[in-house]
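Please read these numbers as outputs of a predicted model, since none were measured by experiment. Per chain, numbering begins at 1; letters A, B, ... match sequence-line order. Computed from heavy atoms alone, side chains included, the values below leave out hydrogens, waters and symmetry copies.
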Protein chains: 2
Amino acid sequence: MESFKQLLREHDLKITPARLGILDILHDSTSPMNAEEIYNEVSKETHTSLATIYRTLGQFSELGLLMQDNSSDGSIYYQFATDNHSHYLKCSNCNKRIHLENCPLSDLEERIQKETGFKITGHSLEFVGLCPECQKELQA
Amino acid sequence: MESFKQLLREHDLKITPARLGILDILHDSTSPMNAEEIYNEVSKETHTSLATIYRTLGQFSELGLLMQDNSSDGSIYYQFATDNHSHYLKCSNCNKRIHLENCPLSDLEERIQKETGFKITGHSLEFVGLCPECQKELQA
DNA sequence: GTAATTGCAAACAGTTTGCGCGCCC
DNA sequence: GGGCGCGCAAACTGTTTGCAATTAC
């Protein structure tokens, strides 16, 4: 908690309940969340609005605190921008999401940076497929 | 051309100018395109509407002819679903897109299929970073 | 002829923004 | 006290959908 206040100060951001709430929620979550999910959680603790959630998530992303994943469900998923972030595997039939631990792209990013001269700051990755249950269901 | 007609017949789809146009454009393009880009090209040849483009792209994707990439620009990029499809590297400053040949994820997909029991039908991948020019510009 | 396909316009969902009030430092 | 941050509602963007007219077969 206290460390999040420190984090905000370091980035010249005022300490507000919404900002702390978002950081808390994302810290507690084991997998990426979209704006609405975050809003639902944060608004349990603090009176806030979706607009604020979006604005704050945008700021945090620009500062490099969070990374964004554009999902095939049309929304953006947010998580802390650690080296060991993760991605989703989504069932195209039942829309169930499976959380894949560990992102396998760091080696690849390294190579692409060398080859293109880009400074890579993030990536978006999602797998889509059929979960075991839906494979059975659709076979029948 | 003729082969695209065959392709449509195989999938029980009627042969229409819009469908042929979309297949042509995507075949000629060296990199993924979004609905609006495709519409701009196809409508040069044939009178059509964005709605038709979206509907057709959706159909083709469901049939497995095309694959979709959800880009951080908020739109969906389409390309033929070949093993050797590709992805983008996008500059977060000037929005320039660099086209990365060869998708590096097939090995990984194989592994995930084994580990999760999912049947993976596609994925979405995009790298975001700063292009060499923008790195200089922002340093100055 | 008949069902699939289309165009149009309206509906939608997620996200962004303008503005005035209020809170953090 | 001054400016950053906020809530609200309205605007925007990409995409989807209902329906009547049209086309492919």
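Atoms CG (B:L13) and C1' (D:dC25) sit 14 Å apart, rounded to a whole Å. D:dG7 atom P lies 9 Å from atom OH of A:Y39, rounded to whole Å. Atom NE2 of B:H47 is separated from atom P of C:dG7 by 6 Å (rounded to the nearest Å). Rounded to an integer number of Å, the gap from NZ of B:K14 to P of D:dT23 is 13 Å. Distance, B:E36 CD to D:dT15 P: 9 Å, rounded to whole Å. Between the CG atom of B:D69 and the P atom of D:dG14 there is a distance of 17 Å, given to the nearest Å. Protein atom CD of A:E37 is 13 Å distant from nucleotide atom C1' of C:dG14, rounded to whole Å. With rounding to whole Å, A:L8 atom CG is found 19 Å from C:dC23 atom P.
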task = Take B:E37 and B:R97, measure what salt bridge (charged side-chain N to carboxylate O under 4.0 Å, His left out) needs, and give me the verdict at the end.
result = CA-CA 14 Å; B:E37 291 168 348; B:R97 286 180 289 154; 2.8 Å; yes
inquiry  = Quick one, A:H27 with A:F4, criterion ring pair (Phe, Tyr, Trp, His ring centres under 6.0 Å). Give me CA distance, side-chain angles, the key distance, then yes/no.
reply    = CA-CA 10 Å; A:H27 182 257; A:F4 286 145; 5.6 Å; yes
key: Residues A:K90, A:S71; criterion side-chain hydrogen bond (donor to acceptor under 3.5 Å, both in side chains); working and verdict   = CA-CA 9 Å; A:K90 207 195 70 170; A:S71 164; 5.4 Å; no
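Out of D:dG14, D:dG3, D:dC25, the shortest distance to the side chain of B:Y54 is found at D:dG14.
Residue A:T16 places no side-chain N or O under 4.0 Å from the OP1 or OP2 atom of D:dC4. Here B:T52 does not reach the OP1 or OP2 of C:dT6: none of its side-chain N or O atoms lies under 4.0 Å away. Residue A:T48 has no polar side-chain atom (N or O) positioned under 4.0 Å from OP1 or OP2 of D:dC6. Applying the 4.0 Å criterion to OP1 and OP2 of D:dG14, one finds that B:S75 has every side-chain N and O outside that range.
Mapping B:A35 and A:A51 onto DNA chain D by nearest heavy atom places A:A51 at the nucleotide closer to the 5' end.
With a 6.0 Å radius and a threshold of 12 heavy atoms from other residues, nucleotides or ligands, A:E62 has its CD atom at or below the threshold.
Residue B:R55 is classed as a base contact, given a heavy-atom separation below 4.0 Å to a base.
A salt bridge is defined here as a Lys NZ or Arg NE, NH1 or NH2 lying under 4.0 Å from an Asp or Glu carboxylate O, and A:E41 with A:K44 meets this definition.
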